[in-house]
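Just so we're clear, the structure is a prediction, and the values are computed from it rather than from any experiment. Just follow the structure's listing: the first ligand is 1, and inside any ligand the first atom is 1.
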Amino acid sequence: MSLHDLSVAALAAKLKAREVSAVEAAQHFLARSQKYADLGAYLATDAEVTLAQARAADARIAAGEAAPLLGVPIAHKDIFVTKDFASTAGSKMLEDYRSPFDATAVRKLAEAGAVTLGKLNCDEFAMGSANENSAYFPAKNPWDTSRIPGGSSGGSAAAVAARLAPAATATDTGGSIRQPAAFCGITGIKPTYGRASRYGMIAFASSLDQAGVMAHTAEDAALLLSAICGPDPDRDATSLDTPAEDFTRELGASIAGLRIGVPKEFFGEGLAADVRSAIDAALKQYEKLGAKLVEISLPRTELSIPVYYILAPAEASSNLARFDGVKFGHRAKQHGDLLDMYKKSRAEGFGDEVKRRIMIGTYVLSHGYYDAYYLQAQKIRRMIADDFQDAFKQCDLIAGPVAPMVAWKLGEHGKDPLADYLADIFTLPGSLAGLPGMSIPVGFGAGNMPVGLQLLGNYFAEGRLLNAAHQFQQATDFHLRKPEGF
Ligand code: GLN
């Protein structure tokens, strides 16, 4: 089996047994990344930096160290800041920006032994659902390169699906891990809000942003997620003091009797028939594994779109104020007085979608509109979270589609941002409630494109979620399918 077809767990075992060195593994994936550069998955690679890290990992292996990911090469979404690579957040605003420190997730993975292959493409400041808002170039879907990989973590999903990295980090504010994982036929998880530190994640909407991971298997996702979670009280005030956990521990438990809630609002008219039939088949598979399906209701599902698209831009307008050409970011070369310099720097540095969100956010927070929009949205957000708590009285996990359709064609949504926003309908409720969520590949729809099943758990149910995904993957092989040509 080629190195790039190995799971993280299998690769880590080979590295530990010294059947392959960290340098060889890194070189293998760097060569593939170069060969498939047209996919647009990577924004930055630097062989010298990667190989230096790999040599250090080989030295740790030789010294008999037992870190869980020793020598495993991975890549990071360009939202995470890194000392050794530029960190752009997919924006011209931060072209060539070098952070003086590593994000906590990056640091923790490095401590666990991971080697960094490079930085992955994403929508500008993680705003988008198709990776087409990247200021550099769009990433493409390896299953059909005329289609989008999803977003905002499109580069992460494309890289893992095309075997340009065995696993990757990603972030999820309103679906950016689950949706691209679904569109690219891989496994992705976002933990409970607050379980992973946001330190060093370039902020979009701070009350929603969460770090997570993408890989092929639930087991690999569990390994990586165990490495990044844990309290970070000195650097992220919203990080919870719940201790780090070994999420692989629950893997293997029987799911007989597990109650899976199926929200009726997720199966309405908007759901494409091809996606629906793959989801129905996956639910049947869960019944075969002994789970019980329970119909539940999440009555405010539709409201999650207006609520999210008020709250996320509101927070973004505040977070992005720091990019003024003085504190951070691109500074216009030609300008008049200070105010003019701010205006020109921001006009040149930000793309259209980011500007749109800053304007919406500023509007909903402004005097006279705050009560009508922002405050109202906050109240409904709380009700959406309460709806989940009602649902979890009847079930242990919730399952449904990740997105209403399979990955669409590049350029298909054109200049219509609403088309992108509407496609977020099934991922936004879980984000607004701060719940852990996953996507696992469960079949194929139109154009032979992958379909993902969304699994949502109650707070801190990551272990249970990962095991439910693992049990499905023990009985099926969708997670092992490969796009042709990779
Ligand atoms: N598609 C959503 C948005 O554009 C979610 C993005 C994300 O989770 N980062 O805001």
Of all heavy-atom pairs between Phe183 and Met449, which one has the smallest distance, and what is that distance? O-CE, 4.2 Å
Chain-and-number sorted residues having a heavy-atom contact under 4.0 Å with ligand 1 are Ala126, Met127, Gly128, Ser129, Ser152, Asp172, Thr173, Gly174, Gly175, Ser176, Phe204, Tyr308, Tyr309, Arg357, Asp424
Tell me if the aromatic rings of Phe125 and Phe323 count as close, with their centers under 6.0 Å from one another. yes
Looking only at atom types and distance, does a side-chain atom of Arg198 sit under 3.5 Å from a main-chain N or O of Ala237, one as donor and one as acceptor? no
Partner residues of Phe444 under the ring-ring contact (aromatic ring centres under 6.0 Å, His included) criterion, sequence neighbours left out: Trp143
I'd like a table of donor-acceptor pairs (distance under 3.5 Å, sequence neighbours excluded) in which one partner is a side-chain atom from residues 89-97, with atom names and distances.
{"unit_1": "Ser91", "atom_1": "OG", "unit_2": "Met93", "atom_2": "N", "d": "3.0"}
{"unit_1": "Ser91", "atom_1": "OG", "unit_2": "Glu124", "atom_2": "OE2", "d": "2.6"}

In residues 371-380, what donor-acceptor pairs under 3.5 Å come from side-chain atoms, sequence neighbours left out?
{"unit_1": "Tyr374", "atom_1": "OH", "unit_2": "Gln378", "atom_2": "NE2", "d": "2.9"}

